[in-house]
Structures are given as C-alpha cells and as structure tokens.
Asks: 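So that we are looking at the same thing, I have put the structure below in structure tokens.
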Amino acid sequence: MFHFLGNTKIVQTGSHLIEAGRDFRHARKYSPDKLTRRLIKMFIVLVVTLTLWNIPTEWYGIDGLTIVQQRIIAIFAFATLMWLMEIVSSWATSVAVIGLMLLFTSDSGIKWMCDPDQVGALLSYKGVMATFADPVIMLFIGGFILAIAATKTGLDVQLAKVLLKPFGTNSNTVLLGFLLITGLFSMFVSNTATAAMMLTFLTPVFRQLPPEGKGRIALALSIPVAANLGGMGTPIGTPPNTIAIKYLNDPEGLNLGLGFGEWMMFMLPLVIVLLLISWWLLKALFPFSQKTIQLEIDGEMKKNAHSYIVIVTFFVTVALWLLDSVTGINSFTVALIPFVVFALTGVINKRDLEQINWSVIWMVAGGFALGYGLNKSGLAENVVQSIPFGEFSPMIILLLSGFICYLLSNFISNSATAALLMPILAFVCGAMGSTLDPIGGTPTVLIGVAIAASSAMVLPISTPPNALAYATNLVQQKDMVRIGLIVGILSMALGYGLLYMLGTMHLF
C-alpha cells in the first residue's frame, strides 16, 4: 500500500520499504543490461584466481610456502575480487569460499588433490565448518532473535511511542527525536529493520509538511544517518563491530576480553556527539518551513503473556551484556539467553526463524573461514617472517586501513569489507608487535576499521538504511552525498581521535 504526496510516493509499511530498498540495490548491481559486464568481471576473477593457484610457489617470495597455502592465497584473491566487483551477492561469495577451502585445502578434500605429503599440512574440515558456529555468529543470532520478538509483540512500536513523546511538536526537536531514537534502536536491532520501522513512523509526518519545504528531506535523511552512526555504539550494532570483537577477543590471538559494557563506555559518548552534530547539520542544510509537527504513530504493543516475556527478557539481556565483567557471562553466551527463553515459551516459532538474516551470517562466516585458513595453514606466520612489518609506521597502518575501509564500504557491503580487512590487519598488527604501542596497539586499528565502515554513507548503495531512505523518493542522491560525506568525515575524524587518545592512555 502506498500514499501519494504530490508527485512523491511514500511507502506505508516497513516490510514494503525493505522490499523496495532491496529491489533498488539489486537493480543497481544485477540488472540484465549489466550481464556482459558481469561476465567480463567473472572472467577476470577466474584468470587471476587460476594464475595465483598454478604459478610456481617460488614466485611468491615467501619462504616455506606450501601448495595449500598457495591455494588459500588464490581463494583469498577470489573472495576479494568477488566482493569488490559484487558479481554475485556477498553471502554467495562466502559460501563459495567455504566450499573451495573444504574441497581443496582440508583433510576432507578431493583425495588426489589433498595429499599432505605433496601439498603440505591440511586444514581441519571441522575447523572450517566451525566458522559458521563461531561464538560471534551466536551473537548475531541473538541480536536477530531479540529484534524479531520485539517486532512480533509490538514492543518496538511501543518503545518508539514512549521515547519520541518527550520531544514535543517543534519540528526541530522532532527531528532530534528521530535521530536519537533511531540511533538507540540501531545499537540493538538490525539497522535495516530500524530504518524501515522509523521511516514508516514518518509517513504521517510527511503528510503534514508542505512539499516545497526541505523538512521532509531532513527527516528522511535523519533515519539512515542515525542508523549508521548508532550501530557503532554496541558490539552487536553492526557486523563490522562484531567481526572486530572476534579478532580482539580470540583466545588464540589477542585474547583481550573486551566486553560489551567496555565497548559502550567508549563508543556511546562518541555516537551521542555525532548524532547531535548531525542534527545541527540537517537543520542547517535542510531547514523546516513549518515550525510544528503533530507526531502520530499507529500500532500498539500486544497485551499478552508473550509481550511481557519479551519485555523482561529484552531488558535482562541488555543488562547482562552491560554487566558482563561483573557476572562473568560473556556477550556470546548472553546472546543465547533470549533464544532459549523465546523458544521454550513459544514467543518464537519455526516460521520466525526464517526471518533471521542468514545472508549476513553466511557472509560473516565466509570471512571467518578466510581468517581461519590464513592462520591455521601457517600462511600468516610465513608472510610475517618474509615481510618486515615491524618497520612499518603505525600511523600509516592506522590511517591507510581506515581510508581503505571507508572507500570500499561506500561501494560494497561494510560486512564484506570488514571480513576482508580484519583477518589481514589482525596478523599484520600482530607482526608489528610493540611498534603499534604509540597508537594503542591492534585494538586501535581494528576498532578504527569498524568506525570507518559505519561512517561510509555517501551513496544509496552504501548501506541498506541509505537504500531504504532513497526508496521513499523523498531524497535525491546529491542530498545523500552531501550529508553523508560531511557526517562521514566528521565521524572518522572524531572516532579516530578518540581511539588515538584511548590508545595512548592504554585504556583498552
């Protein structure tokens, strides 16, 4: 169902809006008129992959390189090019990565191609498959389950009503309300679902505003800006954060034990400052011509036992996440609590499980499989011994990694970008050792990449919230580029400034 405002089409329901946004992103990437270009790209990927797969190992200049390690290099190149060129969906590339690693580099691979006496030490097939059950994946699933339950019972709508009410009827304060509440929701709920819900709430507001004013643009843009920035506030707010946590807390790696509460202690103030700056920018760039707005949000929370179970479980889960250092229960274990409670009480059924964003989970698992291959095959260790990473400038590593992540995330999935960069940076930073101490060590670099990924919001295809806002037909691309570029640069500057300060004070 749609409403029409002049020549502008407003999507009424969140589900329709999500569908419209996905259609837009899919059309931009996979339209039939781009078939020839996609085939050319696929040919390039195959040539590069097969070349790296078959050239003599001596050509790499890495001492002790085995055939298995060479194949992992080729598979890594395959994943990189496929993600960068977006020939197929990111999750499809990840599935291919896991399949290739199992077939050609594991102890369950093709027999005549996986003889350890000829190709070197093989990966454990159980280890490769276990990347899909990594504790971080459980964190994703827990977040998705909470979001599904909140939506199913109407808790999200009720929270939005209660939280937006204090902002009154002044147009500028209503704008602030949507920024802050969207940012808050996106810390715990998928930014795509948050953006769809909040844009739906704006539908009656748009009808009140004159079409000649810029207030509609400010409100429509406030949702993707806040959803992108808000995701930085918690480890589950966006996939790059969770991927960073995986490498920072890996018992066989850095083993920092960075908790949910610790992350929020540092990142929440940054998010609040960025949201307030965004409010000021939106007011200045897209001023309201109408000074008051009557805010109406349709829908109510269901008043039944399931709703109360969800309310209690939701707040208990968040409290346990924040108090992980006190309780000793890590965030991964806490994430399964709502799943257990909702499953046993019937809040979530088998049909609800279909709503979990499995494409994101497969996408992240493929990145983890690459990281597993790099480390367990010994490739990372061989590269470290062959390249003098200790002589690299820590500031160059910090700034270059952030710039590359920001640039890539504006054009491809920020999850794919993080999955690609994190394993590389984890072993590069590990090899640099104490060289990184002046900037705070590896955490500064990896969390910086997560910030850079969330700061990339220039284009409609940069993030799902951007695509959803663009799908309302209220926002022109030039407006999105304008606010996205300014907010993104400020987010990077303040975020990296905060990380540098915390790093030099050794507070991680």
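Heads up: numbering here begins at 1 and tracks the sequence. Predicted, not measured: the structure shown is a model, and the values here were computed from it.
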Asks: Please check this pair: side chain of Ser409 against backbone of Asn414, looking for a donor-acceptor N/O pair closer than 3.5 Å.
Replies: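 No, because the side chain of Ser409 does not come within donor-acceptor range (under 3.5 Å) of the backbone of Asn414.
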
Asks: Report yes or no: do Thr238 and Asn241 form a side-chain donor-acceptor pair below 3.5 Å?
Replies: no

Asks: If you look only at distance, which donor and acceptor atoms sit under 3.5 Å apart when one is on a side chain in residues 271-281 and the other is two or more places apart or in another chain?
Replies:
| from | atom 1 | to | atom 2 | distance (Å) |
| --- | --- | --- | --- | --- |
| Ser278 | OG | Leu274 | O | 2.8 |
| Trp279 | NE1 | Asn172 | O | 2.8 |

Asks: Check side chain to side chain donor-acceptor pair (under 3.5 Å) between Asn330 and all other residues, then give those that pass, not counting sequence neighbours.
Replies: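 So Asn330 forms a side chain to side chain donor-acceptor pair (under 3.5 Å) with Thr333.
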
Asks: Is it the case that the side chain of Tyr496 and the backbone of Ala452 share a donor-acceptor pair, with hydrogens and angles ignored and the cut-off at 3.5 Å?
Replies: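 Side chain of Tyr496 to backbone of Ala452, a donor-acceptor pair under 3.5 Å: no, none is there.
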
Asks: Suppose the criterion is salt bridge (Lys or Arg N to Asp or Glu O under 4.0 Å): which pairs have a residue in residues 415-434, not counting sequence neighbours?
Replies: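 Sorted pair list comes back empty.
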
Asks: Ignoring hydrogens and angles, tell me if any N or O in the side chain of Trp263 forms a donor-acceptor pair with the backbone of Met232 under 3.5 Å.
Replies: yes

Asks: What is the minimum heavy-atom distance between Tyr372 and Gly127, and which atoms define it?
Replies: OH-CA, 3.4 Å

Asks: So, for Cys405 and Ala453, which heavy atoms are closest and what is the spacing to 0.1 Å?
Replies: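 Heavy-atom minimum between the residues: SG-N, 3.6 Å.
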
Asks: If you take all heavy atoms of Phe78 and Ala96, which pair is closest and at what distance?
Replies: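 The answer is CE2-CB, 4.0 Å.
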
Asks: Using distance only, find each side-chain donor-acceptor pair of residues 134-149 under 3.5 Å and give its atom names and separation, not counting sequence neighbours.
Replies:
| from | atom 1 | to | atom 2 | distance (Å) |
| --- | --- | --- | --- | --- |
| Asp134 | OD1 | Val136 | N | 2.9 |
| Asp134 | OD2 | Lys246 | NZ | 2.8 |

Asks: Which pair of non-hydrogen atoms, one from Pro224 and one from Asn466, has the smallest distance, and what is that distance?
Replies: CB-OD1, 3.3 Å

Asks: Show me the donor-acceptor pairs within less than 3.5 Å that the side chains of residues 417-433 make with the rest of the protein, sequence neighbours left out.
Replies:
| from | atom 1 | to | atom 2 | distance (Å) |
| --- | --- | --- | --- | --- |
| Thr417 | OG1 | Ser413 | O | 3.1 |

Asks: Side-chain contact test, heavy atoms from C-beta onward, threshold under 4.5 Å: evaluate it for Ile44 versus Met85 and give yes or no.
Replies: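 They are in contact (side-chain heavy atoms under 4.5 Å apart), so the answer is yes.
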
Asks: Among residues at least two apart in sequence or on other chains, which ones pass side-chain contact (heavy atoms from CB on, under 4.5 Å) with Val481?
Replies: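 side-chain contact (heavy atoms from CB on, under 4.5 Å) list for Val481, sorted by chain: Val458, Leu459, Gln477.
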
Asks: Holding to side-chain contact (heavy atoms from CB on, under 4.5 Å), I want the full list of residues that pass it with Thr173, two or more places apart in sequence or in another chain.
Replies: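 Partners of Thr173 by the side-chain contact (heavy atoms from CB on, under 4.5 Å) criterion, ordered by chain and then number, come out as Asn170.
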
Asks: Which residues pass the salt bridge (charged side-chain N to carboxylate O under 4.0 Å, His left out) test with Lys152, not counting sequence neighbours?
Replies: Asp352

Asks: Please report the closest heavy-atom contact between Phe178 and Ser222, naming both atoms and the distance.
Replies: CB-OG, 4.1 Å

Asks: Below 4.5 Å, heavy atoms only, C-beta onward: do Lys376 and Ser124 meet side chain to side chain?
Replies: no

Asks: Partners of Trp321 by ring pair (Phe, Tyr, Trp, His ring centres under 6.0 Å), sequence neighbours excluded?
Replies: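 Trp321 satisfies ring pair (Phe, Tyr, Trp, His ring centres under 6.0 Å) with Phe260 once adjacent residues are dropped.
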
Asks: So, Thr182 side chain and Leu179 main chain: donor-acceptor pair closer than 3.5 Å or not?
Replies: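 The answer is no, because no donor-acceptor pair under 3.5 Å joins these two groups.
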
Asks: Would you please name every residue forming a ring pair (Phe, Tyr, Trp, His ring centres under 6.0 Å) with Phe132, sequence neighbours left out?
Replies: Trp362

Asks: Please list, chain by chain and in numerical order, all residues satisfying side chain to side chain donor-acceptor pair (under 3.5 Å) with Asn410, sequence neighbours excluded.
Replies: Ser462

Asks: Counting only heavy atoms not in Lys41, do more than 12 fall under 6.0 Å of its NZ?
Replies: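 It does: Lys41 NZ has more than 12 such atoms within range.
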
Asks: Does the Asn191 side chain pair with the main chain of Ser186, one donor and one acceptor, at a distance under 3.5 Å?
Replies: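 No, because the side chain of Asn191 does not come within donor-acceptor range (under 3.5 Å) of the backbone of Ser186.
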
Asks: With a 3.5 Å distance limit and no angle check, can you tell me whether Thr131 reaches the backbone of Val128 through a side-chain donor-acceptor pair?
Replies: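 Checking the backbone N and O of Val128 against the side chain of Thr131, a donor-acceptor pair under 3.5 Å is found.
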
Asks: With no hydrogens and no angle check, is any side-chain donor or acceptor of Ser434 less than 3.5 Å from a backbone partner on Asp437?
Replies: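 Pair absent, no side-chain N/O of Ser434 close to backbone of Asp437.
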
Asks: Mind checking side chain to side chain donor-acceptor pair (under 3.5 Å) for Asp479 and listing every partner two or more places apart, or none if nothing turns up?
Replies: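 Asp479 satisfies side chain to side chain donor-acceptor pair (under 3.5 Å) with no other residue.
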
